[in-house]
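Note: hydrogens, waters and symmetry copies are ignored here, and every other heavy atom, side chains too, is used. Starting from 1, each residue takes its place in the sequence as its number. Note that this is a predicted model, so its numbers are computed, not measured.
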Amino acid sequence: MPDKKITIYDIAKEAGVSASQVSRAISGKGYVSDENRDRIWELVEKYNYRPSAVARNLKKGRSNSIGFLVPHVYQEYFPYLYQSFENEMMDRGYITIVCNGRSWSGGEIRNLQLLEELRVDAVVIMGGTLDQINWAGYPDFIQAIRNISDRIPCVLGSERAAELECCGMYVDARACVDEMAGHLAAQEYRTMGIIGGVNSVYPSVQLRGFLREAAERHGLEVRPQWQITSSYNSMDGAEAMKELLRQKELPDVVCCINDEIAVGAMGVALDAGLKIPQDIAFTGYDGVWLGREFRPQLTTIQFDFATMGHVLADTVMNMIGGSRQQAVVPVSPWLEIRESTGGRRT
């Protein structure tokens, strides 16, 4: 037989049987004579034949696989959440296929199309273009979600999921942000800065709003010059802190849009000779490993990744099972007080 990818029809032709008999022999379902079965399996082993996963999925209408779309893989947040979800789905007999959209709507659309071609049983979409405030500016991406959700269950990591007629999960941090502001006031901090995030991303704009509201309730002053946007990684946090250090007066505490921003900012503060928390304090948001390992350890709003993965998995399974209820489930974080605001090392 020529050196090429072996198909079920090649096996059938050499064995002198029909393709349907080969399929029955491999799957163990349906009658095949002992003689033919032995001959078929000799050829399967000879050519190391494996049936196409896509072909199997087309036949049975189910792949036992779930697509998981993230905007990038270089920050800790998305791998944390993906690992929690993957563990949940593995326990339920599913594999997960993670796709990196590269923070580009075109890449995210291509990944959605690929996942549909692979006949995944459901798709989870986290962050990226989905987090943009102005969905009208991304009509192709929004239409891609609408198109795929007509055929495959979609779960979105957004509290606005119902606007796209999808189920969703999101972090409801308002109460925890208020608790954190109360903690800062109790530690006798009186002024607050806010750094990180961009103005086009819904969760960042919302979090900054929560922080300003909580600061006002607890008597913390937030000045315009202490609010600096700078994206989401530690290098952005470092640049934002350098800009803050150019101000004539610094706030008592800097609240950061995530832990990576906070770690970058704290490094610059320490390099400038400031003591944390004696000269300036810091807080983070999301609770990834980086903030716990940095010294001093970072006070943060800790996401409940285990519950988030569980909620996503339950929602996926309900939709695969035929549920049409458009549930958008909030998951509450908790406040983790550590050294960067005067707490103890954990």
Side-chain angles (χ1 to χ4, degrees), residues 66 68-71 73 75-92 94 96 98 122 124-128 130-131 155-162 166-184 196-197 201-204 206-211 214 232 255-263 282-294 297-319 327-341 343-346:
I66 308 297
F68 196 94
L69 177 60
V70 298
V73 295
Q75 284 182 276
E76 287 190 76
Y77 168 75
F78 291 109
Y80 263 54
L81 183 55
Y82 172 71
Q83 184 177 26
S84 174
F85 176 74
E86 181 188 38
N87 290 340
E88 289 279 347
M89 295 310 300
M90 189 179 299
D91 289 343
R92 302 168 200 231
Y94 283 77
T96 51
V98 64
V124 177
I125 304 173
M126 302 298 304
L130 185 66
D131 279 347
V155 181
L156 311 182
S158 171
E159 64 182 280
R160 299 187 290 167
C166 293
C167 291
M169 181 278 300
Y170 69 100
V171 175
D172 184 2
R174 184 190 290 268
C176 197
V177 169
D178 189 76
E179 181 185 359
M180 184 175 72
H183 157 70
L184 296 174
V201 174
Y202 180 84
S204 298
Q206 184 185 59
L207 176 57
R208 288 205 297 267
F210 289 166
L211 286 165
Y232 299 96
C255 294
C256 302
I257 216 74
N258 65 18
D259 285 14
E260 290 201 34
I261 287 286
V263 166
F282 289 86
T283 69
Y285 182 81
D286 64 22
V288 297
W289 172 86
L290 191 63
R292 187 168 55 252
E293 294 303 308
F294 194 85
Q297 288 183 320
L298 177 65
T299 291
T300 192
I301 291 178
Q302 176 67 56
F303 284 17
D304 188 348
F305 289 104
T307 298
M308 293 164 71
H310 184 78
V311 167
L312 285 173
D314 274 354
T315 305
V316 164
M317 294 304 297
N318 288 340
M319 296 184 72
V328 182
V329 182
V331 177
S332 298
W334 68 85
L335 178 61
E336 194 72 42
I337 299 173
R338 301 193 183 110
E339 297 167 301
S340 68
T341 59
R344 295 181 179 180
R345 185 175 298 182
T346 60

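One distance of note links CD1 of Ile125 with CG of Asp131; it measures 11.5 Å at 0.5 Å rounding. The structure places CD of Glu179 at 8.5 Å from CD1 of Ile301, a figure rounded to the nearest 0.5 Å. The CZ atom of Phe85 sits 14.5 Å away from atom CZ of Phe78, with the distance rounded to the nearest 0.5 Å. To the nearest 0.5 Å, atom CD1 of residue Ile66 and atom OG1 of residue Thr96 are 8.5 Å apart. For the atom pair Thr315 OG1 and His310 NE2, the distance stands at 9.0 Å (nearest 0.5 Å).
Between Glu88 and Ala306 the shortest heavy-atom distance is OE2-O, 4.4 Å. Contact between Phe294 and Val263 at its shortest, heavy atoms only, is CD1-CG1, 3.5 Å. Residues Phe282 and Cys256 approach most closely at CD2-SG, 4.3 Å, considering heavy atoms. Considering all non-hydrogen atoms of both residues, Thr300 and Tyr285 come closest at OG1-N, 3.1 Å. Heavy atoms only, all atoms of each residue included: Arg338 and Leu298 are closest at NH1-O, 2.7 Å. The heavy-atom pair separating Pro333 from Cys176 by the smallest distance is CG-CB, 4.0 Å.
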(message) Using side-chain contact (heavy atoms from CB on, under 4.5 Å), reason through His183 and Leu335 one step at a time and then give a plain yes or no.
(response) CA-CA 9 Å; His183 157 70; Leu335 178 61; 4.1 Å; yes
(message) Evaluate Asp259 against Leu290 for side-chain contact (heavy atoms from CB on, under 4.5 Å), listing each step before the verdict.
(response) CA-CA 7 Å; Asp259 285 14; Leu290 191 63; 5.6 Å; no
(request) Verify side-chain contact (heavy atoms from CB on, under 4.5 Å) between Phe68 and Met126, making sure each step is shown before the conclusion. (result) CA-CA 8 Å; Phe68 196 94; Met126 302 298 304; 3.8 Å; yes
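Contact annotation: the side chain of Glu159 approaches that of Gln206 to within less than 4.5 Å [non-hydrogen atoms, C-beta and beyond]. You'll find the side chain of Pro203 stays beyond 4.5 Å of the side chain of Tyr170, heavy atoms only. Here the side chains of Tyr77 and Phe303 are in contact, with some heavy-atom distance below 4.5 Å. Side-chain contact check for Asn258 versus Asp286: some heavy-atom pair is nearer than 4.5 Å. Counting heavy atoms from C-beta outward, Arg92 and Asp314 have side chains that approach closer than 4.5 Å. A heavy-atom distance below 4.5 Å is not found between the side chains of Met308 and Tyr80. With a 4.5 Å cut-off on side-chain heavy atoms, Cys255 and Leu184 count as touching. For the pair Val73 and Tyr82, the minimum side-chain heavy-atom distance is 4.5 Å or more.
When atom types are taken as modelled, the side chain of Arg208 and the backbone of Ile257 share no donor-acceptor pair closer than 3.5 angstrom. Looking at Glu260, its side chain does come within 3.5 Å of a backbone N or O of Glu76 through a donor-acceptor pair. Between the Gln297 side chain and the Glu339 main chain, no donor and acceptor come within less than 3.5 Å of each other. Tyr94 contributes no side-chain N or O that, together with a main-chain N or O of Met317, makes up a donor-acceptor pair within less than 3.5 Å.
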